[in-house]
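Report on the structure given below.
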Amino acid sequence: MASHTHQHHHNHQSHTHQNKEFFNNEAAAYDAKHEKTLGHIVDEIRTRLDFIGLDWVDDDDDSGDSENKKSPAKAVRLLDYACGTGVVSRALAPSTTQCVGIDLSENMVAAYNARAENQGLTKEEMYAYQGNLCVSDDPNPPAFSSPDFFNFDIAAVGLGFHHFDDPELAAKRLVERLGPGGVLVILDFLPHEKMETGHAASHTVTHHGFSREHIQKIFTDAGAGKDFALDELSRDVMFNRGMENGQPEMRRRIFIARGTKA
Ligand SMILES: C[S@@+](CC[C@H](N)C(=O)[O-])C[C@H]1O[C@@H](n2cnc3c(N)ncnc32)[C@H](O)[C@@H]1O
């Protein structure tokens, strides 16, 4: 197995290294292992386009009928942070013009890009990059300093926040990437019992879910507290159903929260 891990930030970003290693190993099996949950999340995001509240593009308008073509073409750009294999991008691709993924794990990024390519999408339409925007002493990493990585209409994180050392910093860094009136979206777990330390993923988890109050404070402090709203998904999801590898089944309640950059 390839391991190109550099550990510059190892000491003060204590969970970063563990997340990178864990998700590099998970990447190839991730979509198959979580197929039902991910399908559910895609559906739940798509039913909440009005809740997220952007001026989306309508997939049906994009019929190639040049007589009806609106000009200038509207752009709706998504930053899918901690993108993994691209669940949030897939949910929102029909309503956006560009999906840009960033993830700590190069194997997750490779899975994201392989899937996008298989769908016939161009690099301009859907593409992910390896990186970390949440390193405290590296506020503007050179790899992400070009205009291509700013002025997004929406920045979203699906099931990533509970893995971050510093969710408050992550939210701030993402809001910096939004254009005026841009929307921050976080999808994650509501508070839950602590994971057993023997669980393979337990060392990658920094937060055992988030309360509404905690998430609202994160949005507000990051500068995206305008029109804050939080909604709970219509049903819980189960991980390790059937006691996979002898590991306990975990029930999780999921929220989706949105706020506008003030
Ligand atoms: C549970 S997966 C979620 C992936 C995807 N968003 C989804 O909803 O299926 C968590 C992802 O967060 C990534 N991750 C963890 N810490 C990160 C960080 N500091 N910066 C960027 N990505 C990170 C991991 O590599 C992993 O792909």
Side-chain angles (χ1 to χ4, degrees), residues 5-10 12-46 78-93 99-113 115-116 126 128-139 141 143-144 149 154-174 177 185-189 192 195 199-209 233 237 239-240 250 252 254-256:
T5 309
H6 304 289
Q7 300 190 9
H8 312 294
H9 303 295
H10 181 229
H12 48 281
Q13 293 283 317
S14 58
H15 288 81
T16 306
H17 175 67
Q18 315 220 41
N19 267 285
K20 193 175 161 103
E21 194 166 277
F22 179 80
F23 284 106
N24 270 339
N25 290 328
E26 286 287 292
Y30 188 86
D31 283 339
K33 187 169 167 185
H34 303 294
E35 189 181 358
K36 271 181 97 169
T37 299
L38 299 177
H40 176 58
I41 289 173
V42 166
D43 294 343
E44 296 263 356
I45 293 173
R46 285 189 181 154
L78 163 73
L79 172 60
D80 182 357
Y81 190 69
C83 61
T85 60
V87 170
V88 175
S89 293
R90 290 201 290 284
L92 294 176
C99 300
V100 176
I102 298 179
D103 197 285
L104 187 61
S105 154
E106 62 270 25
N107 291 355
M108 282 292 195
V109 167
Y112 179 112
N113 288 334
R115 232 185 131 137
M126 192 181 282
Y129 302 82
Q130 193 278 330
N132 186 357
L133 295 179
C134 314
V135 182
S136 58
D137 56 5
D138 193 9
F144 300 111
F149 296 105
I154 169 171
V157 182
L159 300 178
F161 258 62
H162 63 276
H163 294 289
F164 297 162
D165 280 316
D166 190 343
E168 285 75 13
L169 177 68
K172 289 192 181 106
R173 293 280 168 80
L174 292 172
R177 302 279 163 172
V185 171
I186 299 173
L187 182 144
D188 215 294
F189 301 142
H192 59 83
M195 243 170 134
H199 193 283
S202 70
H203 299 298
T204 71
V205 173
T206 55
H207 292 75
H208 300 98
L233 300 202
V237 301
F239 291 92
N240 296 326
M250 303 180 293
R252 294 288 182 264
I254 299 183
F255 69 82
I256 178 167

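Heads up: numbering here begins at 1 and tracks the sequence. Only heavy atoms go into these numbers, but all of them, side chains included; no hydrogens, no water, no symmetry mates. Every number for a ligand or one of its atoms is a count from 1 in the order of the listing.
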Any N/O pair [X]/ligand 1 closer than 3.5 Å:
{"X": "D103", "result": "yes"}
{"X": "A82", "result": "yes"}
{"X": "H163", "result": "no"}

- Query: Which one of V109, L104, V88 has a non-hydrogen atom at the shortest distance from atom 14 (N) of ligand 1?
  - Reply: L104
- If you compare Y30, F164, F22 by their heavy atoms, the one closest to atom 9 (O) of ligand 1 turns out to be Y30
- Query: Would you say N132 contacts ligand 1, with heavy atoms under 4.0 Å as the rule?
  - Reply: yes
- May I ask whether L38 has any heavy atom positioned less than 4.0 angstrom from an atom of ligand 1? yes
- Item | Part of C83 within contact of ligand 1 (heavy atoms, under 4.0 Å) | backbone
- Taking heavy atoms and a distance under 4.0 Å, where does T85 meet ligand 1: side chain, backbone, both or neither? neither
- Item | Test side chain to side chain contact (heavy atoms under 4.5 Å, CB included) applied to I41 and T37, step by step | CA-CA 6 Å; I41 289 173; T37 299; 4.0 Å; yes
Using a strict cut-off of 4.0 Å, indicate which atoms of ligand 1 neighbour a heavy atom of [X].
{"X": "S105", "answer": "25 (O)"}
{"X": "M108", "answer": "27 (O)"}
{"X": "N19", "answer": "15 (C)"}

- Task: Give a yes or no on whether the ring-centroid distance for H207 and F164 is below 6.0 angstrom.
- Result: no
- May I ask you to check whether H163 and F22 place their ring centres under 6.0 Å from each other? no
- Task: Using salt bridge (charged side-chain N to carboxylate O under 4.0 Å, His left out) as the criterion, list what pairs up with R252, not counting sequence neighbours.
- Result: E193
- Message: Looking at every non-hydrogen atom in both residues, tell me the closest pair between F161 and A170 and how far apart they are.
- Response: CZ-CB, 4.2 Å
- Among M108, Q130, K20, which residue meets the side-chain contact (heavy atoms from CB on, under 4.5 Å) test with D103? M108
- Message: Can you see whether N132 engages Y81 through a side-chain donor-acceptor pair at a distance of less than 3.5 angstrom?
- Response: yes
- Message: Does the plane of the ring in H192 sit parallel, tilted or perpendicular to the ring in F189? Use 30° and 60° as the thresholds.
- Response: perpendicular
